[in-house]
There are 2 protein chains.
Amino acid sequence: MTDRTRVGRLADQQIVDRAALYALLDGQILAHVALVVEGNPLIIPLAFARDGDSVLIHGSTGGGLLRLAAAGSGLGLSVTALDGLVYARSLFDSSMNYRSVVIYGVPTVVPPKEKERALLVLSERLMPGRSEEVRPMTRRELAATIVLCIPLTEVSMKTRSGAPSEAVDDGENHAVWAGVVPVVTGWGAPSASPLTAHGTEVPASVRRH
Amino acid sequence: MTDRTRVGRLADQQIVDRAALYALLDGQILAHVALVVEGNPLIIPLAFARDGDSVLIHGSTGGGLLRLAAAGSGLGLSVTALDGLVYARSLFDSSMNYRSVVIYGVPTVVPPKEKERALLVLSERLMPGRSEEVRPMTRRELAATIVLCIPLTEVSMKTRSGAPSEAVDDGENHAVWAGVVPVVTGWGAPSASPLTAHGTEVPASVRRH
């Protein structure tokens, strides 16, 4: 933890719990990555996957932002799970339940020999089992893809959970309902592509959702 | 649109369609905000709301990042909706369906006289109707809150939708199922707080979810 990742104001919302950190990262597939380019902030959404005590992101070797990051720029990567809306008896005390992590670091480029394994880690995270249903990656595809690795070293995790704070009486009307409305995320029914032959069985990697 | 928001590589994934932009922003409540502090990227998740042709974010006047932004630093704000996983017949062509916007700008601080209206816009977006169920904001609460406004001027929107690309034959096995697994997001059953009296009716602002 550094000055940048030490949460000053709301110390009780900061936790550094490896199991909770891994659970958050392993339950999400979308990250937002921030970079500095010529003094200006840049931000992009990306898929990611945890690989042990690092996270992996990937993209085209032609993509500008990952190329910049590969050149040694530091980046910030944030993953957030929105868990619920917190209805207090004042707007001021109303809030959101969430789990959020921000990771800062200088990414390293995964070297060619380790690239296929890293891409399989990403694939397993996003579509578990899919790699066994489709053909292997080609050398051309591997060459066209860059994979970056960011260690889980400079990490700040913040969470809020549970009911609204009800301790302080700020003139609220206590006859009003207060509580939490949870966010629920899941998967809908799979929809086959036009060229998928009628009657093709939905494979295990899709049924798993 | 500027150099920073012109999508070079995947021009067909960039759209500048006001209706689609508003639909994305009005369907999400979580943004990620990137700032530059002493040359380093900082990124934080925040609730946001669209207000006409701007977006609003808010926080405590004691919060460091919003104070920095209020001091005239440029920021990037990204809102992303993950719509589905796209199963192609190769890992390389597999993808995600999403709608994503990145907004760059120097935020302005909403002045005291307009702050209550701005906070009501945020409240209506997050918990429609709630402001009529609870007591009004107090002067102390208004003074403790900073609201920033970022115009929807420098905006880049990218989307992917529909089936996997099946045009090019890269040696895929065409007997394999391909298609899309949609992401479904909704609200779970509301859960009352400990001090909510038994039998208190769930209010309209909660039933609306």
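All figures in this text were calculated on a predicted structure; none of them were measured in a lab. The sequence lines fix the lettering, A, B, ..., with proteins before strands; numbering per chain opens at 1.
- Looking at A:Ser100, only its side chain comes within 4.5 Å of chain B, counting heavy atoms on both sides.
- Considering only residues two or more places apart in sequence or on other chains, B:Thr200 meets the side chain to side chain contact (heavy atoms under 4.5 Å, CB included) condition with A:Trp177, B:Thr196, B:Ala197.
- Heavy atoms closer than 4.5 Å to chain B are found in both the backbone and the side chain of A:Leu91.
- Ranked by heavy-atom pairs under 4.5 Å with chain B, the list A:Gly188, A:Gly179, A:Pro182 is led by A:Pro182.
- Heavy-atom distances place the side chain of B:Met96, and not its backbone, under 4.5 Å from chain A.
- By the side chain to side chain contact (heavy atoms under 4.5 Å, CB included) test, A:Ala204 is found to be paired with A:Glu133, A:Arg207, A:Arg208, residues two or more places apart in sequence or in another chain being considered.
- Proximity to chain B involves both the backbone and the side chain of A:Leu195, based on heavy atoms less than 4.5 angstrom apart.
- Of the two parts of B:Leu77, only the backbone, made up of N, CA, C and O, holds a non-hydrogen atom closer than 4.5 Å to a non-hydrogen atom of chain A.
- With respect to B:Arg117 and B:Asp51, a salt bridge is recorded, a charged nitrogen being found less than 4.0 Å from a carboxylate O.
- Neither the backbone nor the side chain of A:Pro136 comes within contact range of chain B; no heavy atoms are under 4.5 Å apart.
- For the set A:Met127, A:Met137, A:His174, the entry with the most heavy-atom pairs within less than 4.5 Å of chain B is A:Met127.
- For A:Asp170, the parts lying near chain B are the backbone and the side chain together; criterion is any non-hydrogen pair under 4.5 Å.
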